[in-house]
Engineer: 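Before I ask anything, here is the structure I am working with.
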Amino acid sequence: MGKQYAVGFNESVLKNILPPNNGYIPEISRETGVPVGTLYTWRTKYRSRIPEHGNGKENESSSLSSEEKMSILLEKMVLNEVERGEYWRRKGLYPEQIEAWKKTVLEGLSSPSERASR
């Protein structure tokens, strides 16, 4: 059986991992003494409890219209990586969500024969 941590300890560590902090997991591991794999597991379990990888509140992205999602995809194209990260944190978004939206748009734009082959 794995090591037991004090009540609330993993929640306090998760606050440093998740938005808006988005801490670097290997660094947090060194600071806290919690193995990297355990931190990734905690993050995955937390995200699986929250719809669309939210932050504990109703996720802003779940209420976005298709037009707003498309706007975010277009804005992504003109921002560098650092700017994208800051923008997504402000919006409470995750790269996985953006990629899912992009995939949906591309599938919608593909020809019927391309869709049938999938």
Side-chain angles (χ1 to χ4, degrees):
M1 186 162 157
K3 181 176 178 181
Q4 297 294 314
Y5 295 94
V7 175
F9 175 75
N10 63 342
E11 284 87 5
S12 68
V13 173
L14 277 169
K15 286 180 184 179
N16 293 320
I17 295 172
L18 299 169
N21 298 320
N22 290 329
Y24 183 56
I25 288 181
E27 182 178 314
I28 293 171
S29 173
R30 283 190 298 276
E31 292 170 359
T32 62
V34 177
V36 170
T38 300
L39 295 176
Y40 281 112
T41 299
W42 289 356
R43 184 180 70 177
T44 300
K45 286 181 180 178
Y46 176 84
R47 286 180 175 177
S48 70
R49 293 184 310 205
I50 306 301
E52 288 199 45
H53 305 298
N55 57 7
K57 301 181 252 179
E58 179 60 26
N59 193 321
E60 200 178 311
S61 69
S62 64
S63 62
L64 295 176
S65 69
S66 296
E67 186 175 323
E68 290 168 319
K69 290 177 181 178
M70 186 64 188
S71 175
I72 290 169
L73 285 171
L74 292 173
E75 289 173 26
K76 170 190 177 231
M77 295 170 61
V78 297
L79 299 173
N80 67 39
E81 190 172 339
V82 171
E83 293 168 330
R84 263 183 267 161
E86 291 170 358
Y87 177 78
W88 292 343
R89 279 190 290 280
R90 275 196 321 271
K91 295 271 191 190
L93 301 170
Y94 287 85
E96 297 88 3
Q97 291 170 296
I98 307 300
E99 287 305 311
W101 299 345
K102 178 181 171 184
K103 182 179 175 185
T104 301
V105 168
L106 293 175
E107 287 174 353
L109 294 172
S110 65
S111 68
S113 62
E114 288 175 325
R115 281 184 238 148
S117 68
R118 290 185 193 149

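Values reported hereafter were calculated over all heavy atoms of this structure, with side chains retained and with hydrogens, waters and symmetry mates removed.
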Engineer: Find the distance between CD1 (Ile25) and CZ (Arg30) and round it off to the nearest 0.5 Å.
Structural biologist: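 The CD1 atom of Ile25 sits 12.0 Å away from the CZ atom of Arg30.
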Engineer: Which atom pair, heavy atoms only, marks the closest approach of Leu39 to Val13?
Structural biologist: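 For Leu39 and Val13, the tightest heavy-atom pair comes out as CD2-CG1, 3.5 Å.
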Engineer: At what distance, to the nearest 0.5 angstrom, does CG of Asn16 lie from CD of Glu27?
Structural biologist: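 That separation rounds to 10.0 Å.
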Engineer: Is there a continuous path of hydrophobic side-chain contacts, each under 4.5 Å between heavy atoms, that joins Leu109 to Trp101?
Structural biologist: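 Per the 4.5 Å side-chain linkage, Leu109 and Trp101 are co-clustered.
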Engineer: Using the side chain to side chain donor-acceptor pair (under 3.5 Å) criterion, which residues pair with Tyr87? Sequence neighbours excluded.
Structural biologist: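 So Tyr87 forms a side chain to side chain donor-acceptor pair (under 3.5 Å) with Glu75.
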Engineer: With the 4.5 Å side-chain cut-off for hydrophobic clustering, are Met77 and Leu93 part of the same group?
Structural biologist: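 Yes, Met77 connects to Leu93 through the hydrophobic network.
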Engineer: Is any side-chain heavy atom of Trp42 closer than 4.5 Å to a side-chain heavy atom of Val34?
Structural biologist: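 Yes, their side chains come closer than 4.5 Å.
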Engineer: Can you tell if the side chain of Leu74 reaches within under 4.5 Å of the side chain of Met70, non-hydrogen atoms only?
Structural biologist: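 Yes, their side chains come closer than 4.5 Å.
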Engineer: Quick one, Tyr94 and Leu18 - any side-chain contact, counting heavy atoms below 4.5 Å?
Structural biologist: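 Touching, per the 4.5 Å side-chain cut-off.
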Engineer: Taking the side chain as everything from C-beta on, heavy atoms only, tell me whether Asn10 gets closer than 4.5 Å to Tyr46.
Structural biologist: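 A side-chain contact is absent here, since even the closest heavy-atom pair is not under 4.5 Å.
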Engineer: Any heavy-atom pair between the side chains of Thr38 and Lys3 that's under 4.5 Å?
Structural biologist: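 Answer no - side chains too far apart.
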Engineer: Closest heavy-atom contact between Glu83 and Val78?
Structural biologist: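 Closest approach of Glu83 to Val78: OE1-O, 4.4 Å.
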